[in-house]
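In what follows, a structure is listed as structure tokens, so that the remarks can point back to it.
Since the structure is predicted, the reported quantities are computational estimates derived from the model, not experimental observations. Only heavy atoms go into these numbers, but all of them, side chains included; no hydrogens, no water, no symmetry mates. We count residues from 1, following the sequence as given.
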Amino acid sequence: MKHIVFYLDFVSPYAWLAFERLPQVLEGLSHSVEYRPVLLGALLQQHGNPGPAGIAPKRDWTYRHAEWLGHALGTGLDMPARHPFNPLPLLRQSLACSEDGSINRFVAGTVLRHVWLGGADPLDPGRLEDLARVLAPQLRAQPPGEEHGAHAKALLRANTDAAAVQGVFGVPAFVVDGQLFWGLDGLPMLRARLEGDPWFEGPRWDAVAEIPSGLK
């Protein structure tokens, strides 16, 4: 059985699409998936990347593309009432349901649907209260004396730092045996890796890092 670490941030439409597609893409393979929320903004900042929302024409295209993909793939996707938004409340809410930084598929799916179906404001106070009620049975027991929210904050920081060490530069990202796969369109490549495609055992994976840049 192969183990997949799935790094996601709820602010990413492609994380939602990949989350929905993953079971179909991996059907028939022996695998396990570990869902780990990270702060995408921190990963982008490390590389000086403004993200698609930081470039006006790319922002428009990304939103059109994401909505069309939701339609084409049958998962559904409605752009929320505002985007981008600060995902910290949602990330911490999900990690309040975790002991070790990983969340189960129910928690991940519940928060992703909260954002990406219906077109509402993800940070509307009333909707956040509703989300909290749905997640309440999943909450980790808080030890006496622990500052409220401190555990979730620490887990988010640790997840984001671990992702950066593994070379994660965006989400959705998938790590298998130290190899990183990025994006919704990386899912077929991920399946090939799990199926044992010999290409991944050859020199090509590491050789690309040695190609000189013509821009230096």
Side-chain angles (χ1 to χ4, degrees), residues 1-23 25-26 31-54 58 62 66 83-112 114-116 122 135 138 140 149-194 200 205-206 208-209:
M1 178 182 290
K2 285 295 185 182
H3 184 67
I4 304 164
V5 180
F6 182 170
Y7 290 107
L8 70 156
D9 187 331
F10 304 113
V11 77
S12 167
Y14 299 103
W16 157 245
L17 295 168
F19 174 86
E20 283 289 278
R21 286 290 298 155
L22 195 62
V25 169
L26 301 182
H31 68 279
S32 61
V33 182
E34 181 180 342
Y35 301 92
R36 288 195 170 261
V38 295
L39 183 58
L40 174 60
L43 296 172
L44 294 177
Q45 190 174 36
Q46 279 198 342
H47 298 281
N49 184 348
K58 189 173 184 180
T62 298
H83 195 277
F85 57 87
N86 181 1
L88 278 173
L90 300 177
L91 292 165
R92 290 171 179 166
Q93 203 165 7
S94 71
L95 285 166
C97 303
S98 172
E99 290 286 350
D100 61 359
S102 65
I103 59 176
N104 63 39
R105 188 168 174 87
F106 173 81
V107 171
T110 298
V111 181
L112 285 165
H114 168 87
V115 176
W116 295 108
L135 294 179
Q138 304 286 325
R140 158 190 174 268
H151 182 73
K153 291 178 184 178
L155 291 179
L156 179 59
R157 189 177 304 111
N159 280 359
T160 304
D161 289 346
V165 168
Q166 293 182 81
V168 174
F169 54 87
V171 299
F174 312 87
V175 176
V176 178
D177 293 338
Q179 292 180 322
L180 172 67
F181 300 81
W182 174 64
L184 175 69
D185 53 1
L187 288 178
M189 190 177 180
L190 173 63
R191 180 178 177 98
R193 169 65 175 80
L194 295 172
F200 294 92
W205 182 274
D206 293 321
V208 296

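Summarising the geometry, atom CD belonging to E99 is positioned 5.0 Å from atom CZ belonging to R140; distances are rounded to the nearest 0.5 Å. Summarising the geometry, atom CZ belonging to R36 is positioned 9.0 Å from atom CG belonging to L95; distances are rounded to the nearest 0.5 Å. Note that CD of Q138 is 12.5 Å distant from CD of Q93, once rounded to the nearest 0.5 Å.
Here the shortest heavy-atom pairing between G101 and P37 reads O-CD, 3.6 Å. The shortest non-hydrogen separation linking P87 to V11 is CB-CB, 4.1 Å. Scanning both residues, S98 and H151, for their nearest heavy atoms gives O-NE2, 3.2 Å. Minimum heavy-atom separation, S102 to E34: CB-CG, 3.6 Å. The heavy-atom pair separating H47 from V168 by the smallest distance is NE2-O, 4.5 Å. Of all heavy-atom pairs between A173 and L180, the closest is CB-CD1, 3.8 Å.
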Exercise for review: Begin with the C-alpha distance, continue with both residues' side-chain angles, and end with the deciding distance and a verdict on side-chain contact (heavy atoms from CB on, under 4.5 Å) for W16 and V115.
Suggested key: CA-CA 9 Å; W16 157 245; V115 176; over 6 Å; no
Exercise for review: Go through R105 and V33 one step at a time and tell me if the side-chain contact (heavy atoms from CB on, under 4.5 Å) criterion holds.
Suggested key: CA-CA 9 Å; R105 188 168 174 87; V33 182; over 6 Å; no
Practice item. Tell me, with the steps shown, if Y7 and V175 meet side-chain contact (heavy atoms from CB on, under 4.5 Å). Key: CA-CA 8 Å; Y7 290 107; V175 176; 3.9 Å; yes
Point to revise | Steps toward ring-ring contact (aromatic ring centres under 6.0 Å, His included) verdict (W116, H83) | key: CA-CA 11 Å; W116 295 108; H83 195 277; 5.4 Å; yes
Practice item. Under the side-chain contact (heavy atoms from CB on, under 4.5 Å) rule, what do L26 and I4 come out as? Steps first, then yes or no, please. Key: CA-CA 11 Å; L26 301 182; I4 304 164; 3.4 Å; yes
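Annotation: side chain of L91 is in contact with side chain of F10 (closest heavy-atom distance under 4.5 Å). Using a 4.5 Å heavy-atom threshold, the side chains of V171 and F6 count as separate. Contact annotation: the side chain of Y14 approaches that of T62 to within less than 4.5 Å [non-hydrogen atoms, C-beta and beyond]. Side-chain contact check for L112 versus L8: some heavy-atom pair is nearer than 4.5 Å. No side-chain heavy atom of L156 sits less than 4.5 Å from a side-chain heavy atom of K153. Considering only heavy atoms from C-beta on, P172 stays 4.5 Å or farther from R21 through its side chain.
A ring-centre distance under 6.0 Å is found for F19 and Y35. The six-membered or imidazole ring of F181 lies near that of W205, with a centre-to-centre distance under 6.0 Å.
Not one N or O on the side chain of N159 forms a donor-acceptor pair closer than 3.5 Å with the backbone of V38. The main-chain N or O of P122 is found under 3.5 Å from a side-chain atom of H114 such that the two form a donor-acceptor pair. D9 places no side-chain N or O within 3.5 Å of a backbone atom of S12 that could act as its donor or acceptor partner. Side-chain N or O atoms of R191 include one that pairs as donor or acceptor with a backbone N or O of V25 at under 3.5 Å. Side-chain atoms of T160 come within 3.5 Å of backbone N or O of L39 as a donor-acceptor pair.
Taking the centre and axis of the six-membered ring of F174, the NZ or CZ atom of R193 falls outside the cone set by 45° and 6.0 Å.
Residue-environment remark: CD (Q45) stays at or below the threshold of 12 foreign heavy atoms within 6.0 Å.
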